[in-house]
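Okay, structure first, notes after.
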Amino acid sequence: MSRKVIIAGNWKMNKNAAEGKALVDELKAACGNCCCCEADVVVCPPFTTIGAVVEAVKGTAIKVGAQNIHWADNGAFTGEISGDMLKSAGVEYVIIGHSERRQYFGETDATVNARLKAALKYDLIPIVCVGELLDERESGKTEEVLTRQIRGGFEGISADEMAKTVVAYEPVWAIGTGKTATPDIAQAAHAHIRKEIAGMFGEEVAEKVRIQYGGSMKAANARELVAQKDIDGGLIGGAALKAGDFLSLIKEALGK
Ligand code: 13P
């Protein structure tokens with residue numbers, strides 16, 4: 001089964017509205033010899049930049065994602081953003097459970113699960129992040145950690161909901177460090193993730209789920225990573241902040 005490549009740029013806490021618009025304008029200008037249509041291309045700006053970016057991508061194939069979502073519909077949750085707010089702002093994707101949220105903001109598999117259900121309720125496409133810490137890898141616990149994150153994170157959703165959910169494997173030791181997982185290491189983790197999904201939702205669903213790699217992915221390594229059997233794209237940090245870098249990475253990922 002062939003899965004459509006999905007490349008998403010996680011801008012993290014970078015780019016104000018004017019800077020975000022400028023970056024999208026540059027991406028658009030290069031869209032003449034577009035490969036954006038062959039892959040699903042998503043940009044995930046900070047909340048306050050979303051409005052400008054939604055405007056800027058109009059008429060293109062580029063989609064907009066958010067970096068978080070709260071599980072409640074509304075209410076007294078200072079500083080949080082609901083699915084309804086994202087949907088009405090023109091957002092189509094949402095990153096959930098990024099390791100930076102797990103590390104710095106107390107995100108757990110249970111909160112990931114609650115946010116995932118909210119995203120699905122509002123018909124947003126979730127990008128759920130999983131991945132092990134360096135000491136977990138070094139002590140041979142990678143698979144155990146991924147299993148726990150998947151079983152906890154995806155508990156209680158339907159097979160149809162799982163099929164449209166995107167998973168991002170982001171080994172924490174590879175994020176922002178310049179240390180990319182080798183294609184073999186990444187492939188082994190992706191295969192484990194797919195096997196766990198198959199165990200929960202069946203083979204057919206697992207074959208549909210797109211699993212992105214994230215962690216120091218750039219044009220120089222994207223081709224080899226995405227060529228792996230279970231790697232269906234990338235969730236990109238640093239290399240998504242400049243149009244030229246992001247476009248070269250997309251081309252490489254598509255094998256162009
Ligand atoms: P880098 O590409 O900067 O390593 O970040 C990866 C990431 O965390 C994307 O969500």
Side-chain angles (χ1 to χ4, degrees), residues 5-15 19-20 23 27 39-47 49-50 53 62-69 91-105 107 111-112 115-116 119 124-134 136-137 142 145-146 149-150 153 165-183 185-186 189-190 193 210-226 228 231-253:
V5 168
I6 173 165
I7 306 287
N10 174 9
W11 294 1
K12 307 191 178 184
M13 199 172 73
N14 296 291
K15 308 282 179 193
E19 291 163 346
L23 174 50
L27 292 174
D40 283 335
V41 175
V42 186
V43 291
C44 303
F47 290 131
T49 299
I50 283 175
V53 167
I62 303 169
K63 308 287 191 215
V64 182
Q67 298 174 21
N68 197 8
I69 177 175
V91 165
E92 292 180 62
Y93 288 77
V94 59
I95 299 171
I96 296 171
H98 191 278
S99 66
E100 286 147 19
R101 303 246 17 120
R102 293 179 192 256
Q103 267 184 300
Y104 307 134
F105 302 99
E107 196 83 64
T111 57
V112 167
R115 294 183 203 277
L116 170 63
L124 295 158
I125 299 175
I127 299 178
V128 177
C129 303
V130 295
E132 79 286 1
L133 303 167
L134 181 60
E136 291 168 336
R137 171 157 289 273
T142 298
V145 169
L146 294 175
Q149 291 174 335
I150 289 161
T165 296
V166 177
V167 182
Y169 169 60
E170 297 209 316
V172 181
W173 47 271
I175 296 177
T177 58
K179 282 189 207 157
T180 322
T182 63
I185 286 181
H190 282 233
I193 291 166
R210 292 182 295 175
I211 309 176
Q212 300 174 302
Y213 170 80
S216 299
M217 199 192 227
K218 47 187 183 283
N221 56 32
R223 180 180 297 245
E224 224 192 331
L225 284 161
V226 178
Q228 303 302 309
I231 304 185
D232 308 308
L235 181 57
I236 321 300
L241 296 176
K242 285 194 188 140
D245 293 348
F246 194 51
L247 289 163
S248 316
L249 187 154
I250 294 167
K251 286 201 182 114
E252 292 291 335

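Every number for a ligand or one of its atoms is a count from 1 in the order of the listing.
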| task | Determine, step by step, whether His98 and Gln67 satisfy the side-chain hydrogen bond (donor to acceptor under 3.5 Å, both in side chains) criterion, reporting the C-alpha distance in whole Å, the side-chain angles of both residues, the deciding distance to 0.1 Å, and the verdict. | result | CA-CA 8 Å; His98 191 278; Gln67 298 174 21; over 6 Å; no
| side-chain hydrogen bond (donor to acceptor under 3.5 Å, both in side chains) between Tyr169 and Gln149, worked out | CA-CA 11 Å; Tyr169 169 60; Gln149 291 174 335; over 6 Å; no
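Using a 4.5 Å heavy-atom threshold, the side chains of Ile62 and Val42 count as separate. The shortest distance between side-chain heavy atoms of Ser216 and Thr177 falls below 4.5 Å. Using a 4.5 Å cut-off on side-chain heavy atoms (C-beta onward), Thr165 and Ile125 make no contact. Looking only at side-chain heavy atoms (C-beta outward), Pro183 and Glu224 come within less than 4.5 Å of each other.
Remark: ligand 1 and Ile236 share no N or O pair separated by less than 3.5 Å (distance only, no angle test). Remark: ligand 1 and Gly237 share an N or O pair separated by less than 3.5 Å (distance only, no angle test). By the 3.5 Å distance cut-off applied to N or O atoms, His98 is counted among the residues near ligand 1. Polar contact check, Thr177 against ligand 1: no nitrogen or oxygen pair lies under 3.5 Å apart. Polar contact check, Gly214 against ligand 1: no nitrogen or oxygen pair lies under 3.5 Å apart.
Contact annotation: for Leu235 versus ligand 1, heavy atoms closer than 4.0 Å belong to both the backbone and the side chain. With a heavy-atom cut-off of 4.0 Å, Ala174 touches ligand 1 through its backbone alone.
The protein non-hydrogen atom at the shortest distance from atom 9 (C) of ligand 1 is Glu170 OE2, 2.9 Å. Protein heavy atom at the shortest distance from atom 5 (O) of ligand 1 is Lys12 NZ, 3.3 Å.
Val172 pairs in a side-chain contact (heavy atoms from CB on, under 4.5 Å) with only one of the listed residues (Gln103, Glu132, Arg137), which is Gln103.
Between Lys218 and ligand 1 there is no heavy-atom distance shorter than 4.0 Å. Within the 4.0 Å heavy-atom shell around ligand 1 one finds Ser216. Within the 4.0 Å heavy-atom shell around ligand 1 one does not find Ala8.
For ligand 1 and Gly215, the ligand atoms under 4.0 Å from any heavy atom of the residue are 4 (O), 6 (C). For ligand 1, the atoms lying closer than 4.0 Å to a non-hydrogen atom of Gly238 are 1 (P), 2 (O), 3 (O).
Remark: Ile211 CD1 to Gln228 CD distance equals 13.0 Å, nearest 0.5 Å.
Between Glu252 and Lys218, none of the side-chain N atoms (NZ, or NE/NH1/NH2) sits under 4.0 Å from a carboxylate O, so this pair counts as no salt bridge.
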